[in-house]
Structures are given as structure tokens and as C-alpha cells.
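Here's the structure, in C-alpha cells; my notes come after.
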Amino acid sequence: LTSGIVIIDQHVAHERILYENAIEALENKGLNSQSILFPQTIEFDKEEFTYFNDILPYLMKIGFKIRTFGDNTIIVEGVPPELPLGKEKEIIKDVLEHNVQNKKLNSSFIDYMAATYACKAAIKAGDNLSYSECAALIDKLFNTNYPYYCPHGRPIIINLTIDELDKRFERH
């Protein structure tokens with residue numbers, strides 16, 4: 001066994017973790033919701049809003065706490081715990097738009113919803129993590145079913161062997 005360097009993309013690693021958690025939540029008991037201090041009001045056009053009730057149970061399963069307000073408006077009172085504040089409108093609009101275009105609530109919709117949530121909620125590539133946060137992320141990653149690829153198929157881990165490093169540094 002040769003050694004080398006293992007590089008992990010923290011964004012796609014976290015995305016994989018959140019994606020699998022969301023799939024599990026959507027197929028089973030759901031995720032908890034975290035109440036937000038300042039509820040967000042989101043207004044839709046009439047056509048969009050006719051489709052909103054179709055996706056509401058799925059939004060609630062991944063941790064959104066939502067109530068309708070008036071004709072074409074909702075109030076978001078809670079969000080999934082991992083979701084950074086300010087991303088709720090983006091996710092809801094994106095998932096709703098996908099539903100309006102496809103008009104099917106099937107396994108591909110579930111997959112799209114989980115992947116959209118995971119991508120928006122995941123830590124970003126340039127975010128600074130402490131050593132303990134990195135260790136926790138790696139532990140959670142290797143507890144997923146598919147730790148080597150993100151939900152979109154991109155690699156999470158790159159392994160550079162000693163031989164590859166020697167070639168890069170022109171050591172022959």
C-alpha cells in the first residue's frame with residue numbers, strides 16, 4: 001500500500017451528507033425544523049401558487065415550517081437546521097419552478113429536491129473550518145452510502161499517490 005495525499009472537497013462532501021439525510025427524511029419521518037427569528041414572506045404568481053400545495057408536504061419533510069398567508073403568499077417560519085439563513089426563498093422557488101415545469105412528483109422530483117437543498121445548504125469551498133469541524137465532516141462523509149461522489153456525480157475525494165507526486169516534482 002502506497003501513501004500519498006488525499007484531498008477532500010468540503011462543499012461536495014457536505015453536499016453528499018445533506019443529500020442522503022434529505023432523501024432519508026423525504027422517504028421516512030422527516031427532519032426537524034429550526035424556527036427563525038424573522039419569518040420570511042414569499043409571494044408567488046397565481047400559476048406558481050396553484051402548484052405550491054403539491055410540494056408543501058415535501059418541503060415540510062425536509063424541515064421547512066410554512067403557512068399560507070393570503071392568496072398567493074406564504075410565510076416561512078422554520079427551516080432545516082443545516083440551512084444558512086437567507087437561502088429559504090431560493091430553495092422554495094427553485095423546487096416550485098421545477099415542479100411547475102415537470103408536473104410530476106415522482107422519484108426524480110424527490111432526487112431533485114434533495115439535491116437542490118443539499119447544494120444550497122452545504123458549506124462553501126472557501127469556508128474556513130476548524131480541525132474538529134473537518135474531522136466531523138470526514139466522519140459523516142464516510143458514514144454515507146456513496147462517499148466518493150456528490151449527488152451530481154462530481155468526485156469528492158482525490159488521492160495523489162507518492163508516485164504521482166514524484167512525477168509532478170520531476171523526480172524520476
Side-chain angles (χ1 to χ4, degrees), residues 6-40 42 44 48 51-66 74-159:
V6 173
I7 302 168
I8 297 175
D9 183 320
Q10 66 187 24
H11 171 71
V12 291
H14 196 213
E15 195 174 340
R16 166 52 66 185
I17 295 161
L18 294 174
Y19 171 79
E20 289 194 15
N21 289 345
I23 289 289
E24 172 74 20
L26 287 163
E27 292 176 348
N28 294 302
K29 63 177 175 34
L31 293 173
N32 291 327
S33 182
Q34 176 178 307
S35 294
I36 53 178
L37 191 56
F38 301 105
Q40 293 287 320
I42 304 173
F44 303 98
E48 281 180 324
Y51 290 95
F52 181 76
N53 284 330
D54 294 341
I55 68 165
L56 181 58
Y58 298 95
L59 290 169
M60 293 179 82
K61 275 233 173 179
I62 63 166
F64 284 97
K65 188 175 172 187
I66 297 171
I74 62 167
I75 297 177
V76 180
E77 297 176 329
V79 296
E82 298 267 3
L83 189 66
L85 289 176
K87 295 285 185 181
E88 53 277 346
K89 183 175 182 177
E90 191 178 343
I91 291 175
I92 292 168
K93 288 266 190 181
D94 193 330
V95 170
L96 183 60
E97 182 180 314
H98 181 78
N99 186 38
V100 169
Q101 289 173 358
N102 294 285
K103 297 175 179 63
K104 289 183 200 143
L105 295 172
N106 56 17
S107 61
S108 70
F109 169 79
I110 301 273
D111 187 68
Y112 181 84
M113 183 168 185
T116 299
Y117 157 72
C119 186
K120 305 290 185 208
I123 56 177
K124 301 303 169 215
D127 290 351
N128 288 327
L129 301 180
S130 68
Y131 177 81
S132 60
E133 289 170 325
C134 290
L137 185 69
I138 291 167
D139 286 345
K140 288 178 185 175
L141 174 64
F142 284 107
N143 279 318
T144 64
N145 295 322
Y146 302 100
Y148 298 103
Y149 295 94
C150 81
H152 305 102
R154 292 188 309 264
I156 295 172
I157 299 169
I158 296 171
N159 184 23

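When reading the values below, keep in mind they use all heavy atoms of this one structure, side chains included, and skip hydrogens, waters and symmetry mates.
One N or O on the side chain of E88 and one on the backbone of G86 form a donor-acceptor pair closer than 3.5 Å. Although no hydrogens or angles enter the test, the distance criterion places a donor-acceptor pair under 3.5 Å between the side chain of K124 and the main chain of A122. A donor-acceptor pair is defined here as one N or O able to donate and one able to accept, closer than 3.5 Å; such a pair exists between the side chain of N102 and the backbone of H98. In this structure, Q10 contributes its side chain and A125 its backbone to a donor-acceptor pair below 3.5 Å.
Summarising the geometry of N143 relative to D139, their closest heavy-atom pair is ND2-O, 3.1 Å, with the distance given to 0.1 Å. Nearest heavy atom pair, residue P147 against residue L141, reads CB-O, 3.4 Å. Smallest separation of non-hydrogen atoms from A121 and H14: O-CE1, 4.0 Å. The nearest pair of heavy atoms linking I74 to F44 is CG1-CE1, 3.7 Å. Considering all non-hydrogen atoms of both residues, D111 and I23 come closest at CA-CD1, 4.2 Å. Between K89 and I42, the closest heavy-atom pair is CA-CD1, 3.7 Å.
The side-chain contact (heavy atoms from CB on, under 4.5 Å) with V12 is formed by just one residue from the set P155, P151, C150; it is C150.
A salt bridge links E20 to R16: one of the charged nitrogens lies within less than 4.0 Å of a carboxylate oxygen.
No side-chain heavy atom of I158 sits under 4.5 Å from any side-chain heavy atom of V6. Contact annotation: the side chain of I7 never approaches that of I157 to less than 4.5 Å [non-hydrogen atoms, C-beta and beyond]. V95 has its side chain within reach of F109: a pair of non-hydrogen atoms, C-beta onward, lies under 4.5 Å apart. Put simply, the side chain of I66 does not reach to within 4.5 Å of the side chain of I75, judged on heavy atoms. Using a 4.5 Å heavy-atom cutoff, the side chains of K93 and E48 are in contact. Proximity of F64 to L56: side-chain heavy atoms (C-beta onward) are nowhere separated by under 4.5 Å.
L26 CG to S107 OG: the interatomic distance, rounded to the nearest 0.5 Å, is 12.0 Å. The NZ atom of K65 lies 8.5 Å from the CE atom of M60; values are rounded to the nearest 0.5 Å. Separation of atoms CD (E133) and CG (D127) is listed at 9.5 Å; rounding is to 0.5 Å. How far CG of L137 is from CG of L129: 6.5 Å, rounded to the nearest 0.5 Å. Once rounded to the nearest 0.5 Å, the distance linking CG of L18 with OG1 of T144 reads 11.0 Å. Considering CE of M113 and OH of Y19, their distance stands at 13.0 Å, rounded to 0.5 Å.
Legend: residues meeting ring-ring contact (aromatic ring centres under 6.0 Å, His included) with H11, ordered by chain and number and at least two apart, are absent.
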Before you tell me yes or no, could you show the steps for I17 and F142 under side-chain contact (heavy atoms from CB on, under 4.5 Å), namely the whole-Å CA-CA distance, both residues' side-chain angles and the distance that decides it to 0.1 Å? CA-CA 9 Å; I17 295 161; F142 284 107; over 6 Å; no
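Applying the side-chain hydrogen bond (donor to acceptor under 3.5 Å, both in side chains) rule to pairs touching residues 28-37 yields E24-N28, sequence neighbours excluded. Residues in residues 51-63 take part in no side-chain hydrogen bond (donor to acceptor under 3.5 Å, both in side chains) pair, two or more places apart or across chains.
Heavy atoms of other residues, nucleotides or ligands lying less than 6.0 angstrom from OH of Y149 number 12 at most.
A side-chain N or O of D94 and one of Y112 form a donor-acceptor pair less than 3.5 Å apart.
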